[in-house]
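Here the structure comes first, spelled out in structure tokens, and everything after it is commentary.
Every heavy atom of this structure was used, including side-chain atoms; hydrogens, water molecules and symmetry mates were not.
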Amino acid sequence: DGLERLPVLKNFASRASLENAYTSTFNRRWRGNLGGGQITESERMTYGFTPLAGMNFTFQDFLKGNFGGAIRYTTTTTYDLSTASRNIVESFTKEISVQANFSRRGFAIPFFGLTLTNDIDMTFSYTFSRNTRKTYDVGNIDAGGVPLEGMSRTVIEPRIKYVLSTRVTASLFYRYTNVEPDQGASRIPGTKTNEAGLDIHISIQ
């Protein structure tokens, strides 16, 4: 915390922070042997940075409202060992996400001769993730991994929420999703999806 005091940020940021975290887990599945001891059936090891680098910031008074955002980059690697198949499966995921939000409270707009107090919330999110899987032969690790499947996913979503009064609210959103499989190494079909919606809520008492 406290990065807003740096010369490059102090003129426009009211708060800025840098985030980094590392996690790792190890799991082992086994069963008892009638002759004594234990027999390992499978093992899994997962490690990654969640995030490797993350930046959170809030700008000073922006258009008489509050504006903030976050940028994150995460990586995760998993190894699965099955003693029955004598294979190690490697799964790797990386993700970049960008989020921004703007809110303004209590501004007045004339509406049918009335001046109502309005609120507005605007958000934008962008996420790009890539997943790949490879398999290794335990007896011949030096041969390298054989690609199993992989894909890239992109999601873009802007959203606007407008509060006309304490009883009338409206929300508008659009979501774009694009899934692209790796060529020659994935059975997942590529898809592109466009979604949009409008939600109006009126409270009558």
Contact between [X] and [Y] at the side-chain level, heavy atoms closer than 4.5 Å - yes or no?
X	Y	answer
Ile156	Phe124	yes
Val146	Leu148	no
Asp121	Arg105	yes

side-chain hydrogen bond (donor to acceptor under 3.5 Å, both in side chains) partners for [X], two or more places apart:
X	result
Tyr73	none
Asn178	Glu180
Tyr174	Asn194
Thr46	Thr78

Minimum-distance pair of heavy atoms, taken over all atoms of Tyr136 and Gly145: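 So the two residues come closest at CE2-N, 3.2 Å.
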
Measure across Asn20 and Leu52 and return the closest heavy-atom pair with its distance rounded to 0.1 Å.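 For Asn20 versus Leu52, the nearest heavy atoms are ND2-O, 2.6 Å.
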
Which residues share a salt bridge (charged side-chain N to carboxylate O under 4.0 Å, His left out) with Glu157, sequence neighbours left out: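 Listed in chain order: Arg159, Arg175.
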
Counting only pairs under 3.5 Å, give me each side-chain donor-acceptor contact of residues 128-135, with atom names and distances, residues two or more places apart or in other chains.
{"residue": "Arg130", "atom": "NH1", "partner": "Ser152", "partner atom": "OG", "Å": "3.3"}
{"residue": "Arg130", "atom": "NH1", "partner": "Asp182", "partner atom": "OD1", "Å": "3.1"}
{"residue": "Arg130", "atom": "NH2", "partner": "Asp182", "partner atom": "OD2", "Å": "3.4"}
{"residue": "Asn131", "atom": "OD1", "partner": "Thr93", "partner atom": "OG1", "Å": "2.8"}

Quiz: residues 30-38 side-chain donor-acceptor pairs under 3.5 angstrom, not counting sequence neighbours:
{"residue": "Arg31", "atom": "NE", "partner": "Glu41", "partner atom": "OE2", "Å": "3.0"}
{"residue": "Asn33", "atom": "OD1", "partner": "Gly35", "partner atom": "N", "Å": "3.4"}
{"residue": "Gln38", "atom": "OE1", "partner": "Arg28", "partner atom": "NH1", "Å": "3.1"}
{"residue": "Gln38", "atom": "OE1", "partner": "Arg28", "partner atom": "NH2", "Å": "3.2"}

Are [Y] and [X] connected in a single hydrophobic cluster, I mean Ile/Leu/Val/Met/Phe/Trp/Tyr linked by side-chain heavy atoms less than 4.5 Å apart?
X	Y	value
Val138	Phe26	yes
Val168	Ile160	yes
Val155	Tyr126	no

Set of residues satisfying ring-ring contact (aromatic ring centres under 6.0 Å, His included) with respect to Tyr22, sequence neighbours excluded: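 Tyr22 satisfies ring-ring contact (aromatic ring centres under 6.0 Å, His included) with Phe49 only.
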
Mind checking ring-ring contact (aromatic ring centres under 6.0 Å, His included) for Phe57 and listing every partner two or more places apart, or none if nothing turns up?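 Counting only residues at least two positions away or on another chain, Phe57 forms a ring-ring contact (aromatic ring centres under 6.0 Å, His included) with Phe59.
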
Qualifying residues under side chain to side chain contact (heavy atoms under 4.5 Å, CB included), relative to Asp137, sequence neighbours excluded: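 Side chain to side chain contact (heavy atoms under 4.5 Å, CB included) list for Asp137, sorted by chain: Asn87, Asn140.
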
Counting only heavy atoms not in Met122, do more than 12 sit closer than 6.0 Å to its CE atom?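 No, not enclosed.
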
Measure the spacing between [atom1] of [X] and [atom2] of [Y] and express it to the nearest 0.5 Å.
X	Y	atom1	atom2	value
Thr127	Gln99	OG1	CD	7.0 Å
Ser171	Tyr162	OG	OH	12.5 Å
Ser103	Ile120	OG	CD1	10.0 Å

Taking only distance into account, with no hydrogens and no angle test, what donor-acceptor pairs under 3.5 Å do side-chain atoms of residues 1-19 form with protein atoms, sequence neighbours excluded?
{"residue": "Glu4", "atom": "OE1", "partner": "Ala16", "partner atom": "N", "Å": "3.0"}
{"residue": "Ser14", "atom": "OG", "partner": "Thr58", "partner atom": "O", "Å": "3.1"}
{"residue": "Glu19", "atom": "OE1", "partner": "Arg72", "partner atom": "NH1", "Å": "3.0"}

Pairs where residues 76-103 contributes a residue and the test salt bridge (Lys or Arg N to Asp or Glu O under 4.0 Å) is met, not counting sequence neighbours: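 Residue pairs passing salt bridge (Lys or Arg N to Asp or Glu O under 4.0 Å), neighbours aside: Arg44-Asp80.
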
